[in-house]
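Side-chain atoms are counted along with the backbone in the values below, which use heavy atoms only and exclude waters and symmetry mates. Chain naming here is simple, since letters A, B, ... match the order of the sequence lines and numbering starts at 1 in each.
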Amino acid sequence: MDVVLSENQTLLQQATRRFVEQEHPVVQTRRLADAKAAFPAETWTQCAAQGWVALFVPEQHGGMAGEAEGAVDAAIVAEELGRQVFAGPFASNAVAAFAIANAGSDAQRAQFLPGLASGEMQAAWCFAGTGPQAGLEPGALTVSDNRFSGSAGFVENGANAGLLLVTARDGQGLSQFVIPADHPGVSVEPLRSLDLGRGYATVRFDGVSVDNGALLGQSGAPGGNFERQLQLALVLQCAETIGLIDRAFEFTLEWVRQRHAFGRPIGSFQALKHRLADHTAEFEAAKAAVAYAAKAVHSSASDAAIAVSIAKSQCGKQGVEIIRDCVQMHGGIGLTWEHDLHFYLRRAVANQSLLGTPAMHHERIAALAGL
Amino acid sequence: MDVVLSENQTLLQQATRRFVEQEHPVVQTRRLADAKAAFPAETWTQCAAQGWVALFVPEQHGGMAGEAEGAVDAAIVAEELGRQVFAGPFASNAVAAFAIANAGSDAQRAQFLPGLASGEMQAAWCFAGTGPQAGLEPGALTVSDNRFSGSAGFVENGANAGLLLVTARDGQGLSQFVIPADHPGVSVEPLRSLDLGRGYATVRFDGVSVDNGALLGQSGAPGGNFERQLQLALVLQCAETIGLIDRAFEFTLEWVRQRHAFGRPIGSFQALKHRLADHTAEFEAAKAAVAYAAKAVHSSASDAAIAVSIAKSQCGKQGVEIIRDCVQMHGGIGLTWEHDLHFYLRRAVANQSLLGTPAMHHERIAALAGL
Amino acid sequence: MTLATCEDRDTDELRAFRLKAREWMAGRLPPRIPGQPYMDWTDKELVAADRRTQRILWDGGLAGITVPKEYGGLGLTRQHETVFGEEAAPYRLAWHLGNNYNIVQPVLLAHGTEEQKHKYIPRMLNGDHIWAQMTSEPSGGSDLFGLITRAEKRGDKWYINGSKIWTTGGEDSDMGLCLARTDPTLPKHQGLTMFMVEMHQPGMTVRPLTLVNGTQDFCQEFLDDVEASEDNIVGEINGGWAVATTQLAAERSATSRGWYIGVGASLPRERIEIASHPVKLAHELGLAETQRARQIVGEVIALEALRELVAQRASKGIDAGTLPPTTGGVASLASSTLNQRASELMTELAGPCGVTGPADGGEPEQGMDRVWLFRIGGGSAEMLRNTISERHLGLPREPGPGKDVPFNQLRTNAAS
Amino acid sequence: MTLATCEDRDTDELRAFRLKAREWMAGRLPPRIPGQPYMDWTDKELVAADRRTQRILWDGGLAGITVPKEYGGLGLTRQHETVFGEEAAPYRLAWHLGNNYNIVQPVLLAHGTEEQKHKYIPRMLNGDHIWAQMTSEPSGGSDLFGLITRAEKRGDKWYINGSKIWTTGGEDSDMGLCLARTDPTLPKHQGLTMFMVEMHQPGMTVRPLTLVNGTQDFCQEFLDDVEASEDNIVGEINGGWAVATTQLAAERSATSRGWYIGVGASLPRERIEIASHPVKLAHELGLAETQRARQIVGEVIALEALRELVAQRASKGIDAGTLPPTTGGVASLASSTLNQRASELMTELAGPCGVTGPADGGEPEQGMDRVWLFRIGGGSAEMLRNTISERHLGLPREPGPGKDVPFNQLRTNAAS
């Protein structure tokens with residue numbers, strides 16, 4: 001995260017690290033993967049009790065948004081979760097809470113926010129299509145006369161969420177709805193993912209009819225709400241990747257210092273040292289970009305849109321590149337199922353490809369730059 | 001070149017190396033660059049006397065095509081020229097001779113081939129447009145009723161050639177013409193090039209009217225002749241890049257063996273050694289691709305088109321990458337005007353970008369693969 | 001290259017051998033199935049089938065072509081072997097027994113006693129024994145001769161303690177070559193002895209390693225007072241380094257000439273093979289008309305072709321003597337690098353479709369390629385770069401601890 | 001950050017100094033011209049103008065803000081220097097004299113005799129002297145302390161022989177710091193002595209180096225019995241290593257806090273600056289609608305922004321003490337790598353238009369970037385990677401020749 005944190009943020013960072021290391025270390029993700037099991041609902045409730053989703057929920061609805069620095073604090077949490085390849089549904093619930101807190105009616109806020117903050121309610125964010133170029137642009141779903149159809153792809157937490165935050169295109173623009181996942185016409189098809197332990201799904205909407213109470217904000221809005229949600233989702237994804245790199249790099253440094261070959265620690269071999277120096281430089285750039293993006297998103301700065309895409313470009317590319325080389329530096333042991341590294345690399349590859357590949361973000365940056 | 005050469009080819013290679021090192025070493029290119037002068041016509045005549053263009057010219061027209069293995073032998077020559085960043089117009093004249101020998105009428109062959117073979121006549125190959133995506137596709141010029149118009153960009157030897165081999169699009173397909181450069185309506189605008197010492201130009205055709213005698217082969221042909229010329233041009237460009245890398249790598253190896261730092265030859269530092277090993281691997285792949293492509297082009301093999309694009313992909317990318325790192329390994333001295341390395345790098349960058357960038361060739365490969 | 005032209009070159013003797021081989025194998029040997037892996041130790045039935053195949057060859061007088069007759073072989077020439085490979089092209093041979101003919105036979109022929117050769121070689125040729133090479137150690141990484149597995153003599157037996165890892169087919173092997181340290185007060189490369197050990201015996205625990213993609217081709221062994229008699233020593237006591245050098249040379253040679261007998265007979269290809277998987281993927285994903293997708297497809301095709309071209313060049317040049325044998329390693333490194341770039345591009349092409357898939361499918365392919373990628377596994381890419389820079393390019397070695405330092409004064413992973 | 005807010009924080013004393021500086025500079029100092037290089041030694045008029053600027057500051061009592069009064073400075077605080085930088089933002093300062101205030105003053109203040117400080121510092125402050133650092137040698141490359149330029153005492157004079165290279169502004173400098181070997185029988189880091197030498201004297205030949213892009217900012221010096229008196233020695237005889245260490249630390253510090261006084265006052269930016277050059281190029285080339293061109297433009301914008309962001313992060317973190325000072329080098333390396341990638345992409349974007357141009361134009365820009373590229377020149381990228389891995393990451397040093405080996409027993413480029 002940023003190089004200057006407030007006292008509260010430092011406390012948040014330390015508390016989260018301690019909690020995740022003790023209660024939800026990477027072995028939890030390994031166990032879920034081995035058992036091919038979903039992240040247990042009651043475990044999420046324990047996590048939510050740490051106040052992670054509550055960062056976006058106003059106090060009258062059981063949250064602490066008043067004291068928090070929203071996206072920045074959430075990014076601090078996401079980074080810590082990345083360090084242990086945490087499998088639980090943080091981003092999906094955080095984005096939903098953020099959306100409802102910002103655009104929801106009083107009734108919606110009262111109905112959903114307390115449950116999201118406490119973790120008893122879980123949400124998923126449905127917006128993208130199902131193809132190879134999906135993940136960044138909304139509008140895979142269409143809506144007219146409060147009835148919508150289509151398939152949303154790559155939905156994190158899609159199979160476990162009770163609540164769906166759905167973005168659909170109508171005649172004028174984008175409309176958003178909050179509907180229960182067991183609504184008639186909704187079907188969920190779980191996906192197998194490279195990112196073991198974390199659940200993704202395709203969610204299909206077959207002429208799903210909703211009443212006006214489900215509408216979040218205005219109908220056919222110009223998409224500003226969606227864009228802000230996307231920015232938050234990207235900040236959390238990138239911060240998580242920072243955590244992945246941070247931890248993988250940490251134990252790689254430890255490994256090359258302790259492991260000996262030819263009578264020397266392998267970390268004294270110049271070829272390894274130079275690669276590690278290069279990774280340090282790229283990683284520093286990634287950290288700079290994510291810290292900047294988190295602040296820009298929190299403050300709704302005019303460059304928030306471009307900032308998140310810059311962060312995604314660097315984290316997407318370097319997350320995979322650095323962790324892949326960490327595996328290489330571990331020698332054969334890094335390729336065994338027993339070693340944790342592949343969980344880090346799997347998550348990094350997934351994060352590279354989901355919510356827009358780096359190349360897609362480059363196109364987005366060009367458009368934002370007026371090309 | 002290939003790992004197995006005929007006896008004649010070995011002799012050709014040795015003779016060319018000796019001749020170029022003695023008569024046309026890289027310092028000649030440096031002198032032309034310092035003087036901002038064109039490659040002297042009489043110098044080219046001396047070079048042609050080595051039989052380089054004659055490789056494509058039948059014996060009755062003063063050549064030795066009968067004994068030669070065309071594109072393969074020419075690639076052997078081009079590689080040797082690359083080793084000294086030779087500035088003279090080999091490729092342009094070789095392609096013209098190849099074109100006229102293959103598609104010319106008896107009259108055209110008798111009129112042009114002896115002069116091309118002896119070097120007293122010089123040709124340039126005009127086909128591509130002037131934009132950033134030009135260099136691979138023909139048809140920047142259009143022709144109707146034997147009158148053609150348009151601008152051909154990036155024409156090697158354009159400013160010095162007496163003869164122009166022009167490819168133009170007509171209603172049905174591609175037509176080719178051989179016309180004198182001083183034909184009314186032709187104007188030549190020399191270009192400044194990164195590739196010092198070698199001349200490029202834009203050649204403009206302002207409703208240039210030619211008679212039927214200028215037509216090479218059939219009018220509106222399906223482009224087979226053009227494609228074969230392009231293949232030869234690419235083989236020569238790639239072989240030249242092989243020569244550039246070969247020599248730059250050679251004196252880099254010598255440098256890192258002799259140069260000491262911290263009491264050791266810098267070639268004993270592992271970071272340098274590993275980079276040199278990586279370059280060796282990429283270079284070997286480039287050599288394999290060019291050797292294969294030269295044979296495929298010579299024998300008009302069905303995979304010649306894809307073979308030259310594969311060669312260009314690898315030579316384009318690695319020529320720049322390897323020689324750039326050779327500069328880096330030389331330390332400050334490699335950045336001085338006095339050192340020869342920048343002539344190698346300049347040529348490598350130019351070769352990467354001309355006759356289709358690697359990316360353009362990747363698109364071509366996809367099309368050839370039926371996508 | 002066709003069979004007809006091969007036959008044209010045969011002498012009468014070779015021709016007779018060719019016909020004998022052709023006749024015996026027809027109908028007896030399993031056909032070669034396109035796409036079937038050459039080696040897959042998780043497929044126990046395939047391993048068993050390979051033992052049977054070897055037995056069929058033995059019964060037909062086709063096993064151990066260049067092995068001297070006194071040890072059960074045929075005592076014939078390399079040319080006979082080539083002829084056999086050509087005739088065997090339609091069949092699956094006993095490829096799980098590769099260590100037998102590629103490694104252990106050359107090692108025993110060079111360093112074994114008469115007794116050892118008579119005892120072990122026939123059982124390799126008739127399919128009774130599958131041999132393993134126990135080369136790496138968990139503590140050792142790339143530093144093969146830094147091994148710490150030790151053997152001590154108590155009474156007239158040797159007892160081996162330690163651990164070996166990355167043993168291909170360890171669980172299914174009957175015998176293994178095992179280098180152990182017999183005198184730690186000698187410098188690193190000295191004080192080593194080569195043992196032949198029975199893989200199924202008390203004290204030997206063999207555990208398959210599961211890799212990140214779920215495969216189990218490699219094993220780790222834990223040796224707890226594993227027994228070996230004096231007869232099980234190959235070469236001299238404390239002279240194991242010389243034996244291991246032969247072993248490594250055999251491995252390099254087999255790798256560069258082709259590990260799997262008969263597989264190479266159809267090479268080299270005469271035309272560039274256009275990789276179909278990127279084209280197929282672009283079509284499946286509906287990206288055939290997208291500029292960037294087309295660039296990616298083209299580049300992947302180029303990269304795959306380059307891997308083939310560089311391998312062909314190296315083997316042709318090494319055969320012709322115009323390239324040094326170290327070019328084999330250069331081609332391996334090139335192949336690895338080109339493959340890595342291709343895998344990056346395929347992941348980009350597939351986008352999110354590369355990291356997810358139907359719940360009932362396997363691991364998402366493109367993304368998994370990025371996780372799994374290790375044609376040259378682990379630290380060996382670094383070793384390969386060292387070798388290329390020092391032996392192929394002739395660059396100076398790094399200064400290191402002197403060759404004469406006693407092993408027990410060096411820092412190792414066990415000691416630290 | 002605006003001037004108003006800066007002023008709000010001023011004490012009365014600082015405020016008085018601010019007003020004095022503002023008043024004196026207005027109308028007297030040349031304006032800062034956007035796009036004008038900070039340093040360009042081929043522009044002799046600019047060098048002369050910088051000397052005049054320094055004289056104006058001296059005359060106005062604004063030279064040497066933190067330099068003690070007894071040596072001609074003002075004896076004020078770092079805060080005064082910051083205030084001065086803020087007020088100087090609209091002007092071009094004496095940036096060609098950067099060695100004077102960034103390097104030589106700190107070195108002399110730490111190691112010089114009273115006499116040396118009184119003699120040289122005022123002439124640095126009034127613009128009389130431009131100082132050069134003669135640090136590298138043709139034989140030395142990255143190994144600064146492996147220098148072989150030697151100084152011998154004959155009578156009461158020292159005579160220096162050898163060659164120095166990569167001296168910024170060598171031709172236009174009046175004085176230079178020159179480290180020479182005075183005892184080759186001592187180990188490498190010992191036996192060195194730091195001299196102050198007059199640049200215009202018999203025996204000193206200064207030759208500008210032309211670089212591949214035609215610039216001539218650097219010089220090479222040939223020293224043939226160049227004279228120096230005992231008074232010209234800074235620090236102890238054979239104690240030059242300590243002086244050079246101060247010199248290198250001053251250089252690092254100046255590089256990380258900003259070499260050019262007043263330039264940094266407008267930083268940090270509050271918004272991401274979108275690089276306009278790729279957008280402009282895509283428009284000029286008619287590629288605005290091409291998918292790949294758009295990807296390239298977007299990636300170049302990202303890379304340029306990342307360079308700025310990583311530099312800001314490093315400087316903010318170092319200032320706040322949450323990042324170690326070595327992070328400055330990490331940011332430099334990042335900047336170099338990101339720049340290289342951007343340059344590759346721009347060449348791809350421009351295609352053939354990047355390597356040719358109108359005959360009357362300069363060198364084709366995009367292609368030239370690929371040739372010229374060296375933000376961290378020559379071998380220093382390798383040195384930077386060593387430094388980062390050892391000092392920033394704490395990885396072990398490579399084994400090397402012992403520190404105590406006499407220099408004349410080490411292999412150097414002169415000796416081999």
Side-chain angles (χ1 to χ4, degrees), chain A residues 2-5 10 249 253 256-257 263-270 272-293 296 301-307 309-314 317-318 357-371, chain D residues 270-276 278-279 282-283 288-289 291 293-303 305-314 316-320 322-323 327 329-338 381-382 384-390 392-399:
Chain A
D2 202 359
V3 286
V4 179
L5 296 181
T10 307
F249 205 66
L253 282 177
V256 302
R257 281 198 200 100
R264 299 161 52 175
I266 62 173
S268 72
F269 285 98
Q270 201 190 33
L272 260 60
K273 285 163 74 170
H274 281 205
R275 272 150 57 192
L276 289 165
D278 285 334
H279 297 329
T280 304
E282 296 284 8
F283 185 29
E284 203 61 28
K287 286 191 277 195
V290 178
Y292 187 93
S302 59
D303 59 354
I306 206 163
S309 286
I310 290 168
K312 175 62 193 262
S313 167
Q314 184 71 357
K317 291 187 291 180
Q318 296 301 325
T357 62
M360 285 153 62
H361 281 275
H362 297 154
E363 287 187 63
R364 181 175 133 106
I365 292 168
L368 290 167
L371 187 69
Chain D
E270 309 244 323
R271 287 285 165 265
I272 288 174
E273 198 183 6
I274 297 178
S276 59
V279 180
H283 276 302
E289 300 305 321
Q291 185 196 24
R294 298 178 69 83
Q295 290 179 345
I296 290 175
V297 168
E299 189 166 0
V300 172
I301 291 171
L303 293 163
L306 285 163
R307 290 174 66 193
E308 187 67 30
L309 289 168
V310 73
Q312 281 181 22
R313 174 183 173 85
K316 187 174 162 195
I318 294 169
D319 283 353
T322 54
L323 294 178
T327 314
V330 175
S332 298
L333 182 59
S335 178
S336 156
T337 310
L338 296 162
E382 281 72 29
L384 193 50
R385 290 192 184 97
N386 282 344
T387 307
I388 291 169
S389 57
E390 288 167 13
H392 190 78
L393 300 177
L395 293 172
R397 295 176 63 91
E398 285 206 286

Between [X] and [Y], is any pair of side-chain heavy atoms under 4.5 Å apart?
X	Y	result
Arg264(A)	Glu398(D)	yes
Val3(A)	Ile318(D)	no
Glu284(A)	Leu333(D)	no
Lys273(A)	Arg385(D)	no
Ile296(D)	His362(A)	no
Ile388(D)	His274(A)	no

Where is the tightest heavy-atom contact between [X] and [Y], given as atom of each residue plus distance?
X	Y	answer
Leu395(D)	Gly267(A)	CB-O, 3.6 Å
Ala277(A)	Leu393(D)	N-CD1, 4.3 Å
Val4(A)	Ala320(D)	CG2-CB, 3.8 Å
Ala369(A)	Ile301(D)	CB-CD1, 3.5 Å
Ala289(A)	Leu306(D)	CB-CD2, 3.6 Å
Asp2(A)	Lys316(D)	OD2-NZ, 3.2 Å

**Asked** Among Leu371(A), Leu5(A), Ile306(A), Leu276(A), which residue forms the greatest number of heavy-atom pairs with chain D at distances under 4.5 Å?
**Response** Leu371(A)
**Request:** Just give me the residue among Arg364(A), Lys287(A), Glu282(A) that pairs up with chain D most often, heavy atom to heavy atom, under 4.5 Å.
**Result:** Lys287(A)
Under 4.5 Å from any heavy atom of chain A - which part of [X]:
X	value
Ala288(D)	both
Leu303(D)	side chain
Thr327(D)	side chain

Which portion of [X] sits near chain D, non-hydrogen atoms under 4.5 angstrom:
X	result
Ser309(A)	neither
Thr280(A)	both
Ala367(A)	both
Lys312(A)	neither

**Request:** Under the side-chain contact (heavy atoms from CB on, under 4.5 Å) rule, what do Arg294(D) and Ile365(A) come out as? Steps first, then yes or no, please.
**Result:** CA-CA 9 Å; Arg294(D) 298 178 69 83; Ile365(A) 292 168; over 6 Å; no
**Message:** Please check this pair: side chain of Arg271(D) against backbone of Asp303(A), looking for a donor-acceptor N/O pair closer than 3.5 Å.
**Reply:** no
**Request:** For the pair Ser268(A) (side chain) and Pro396(D) (backbone), establish whether a donor and an acceptor sit closer than 3.5 Å, ignoring hydrogens and angles.
**Result:** no
**Request:** To the nearest 0.5 angstrom, please state how far the CD atom of Glu363(A) sits from the CD atom of Glu299(D).
**Result:** 11.5 Å
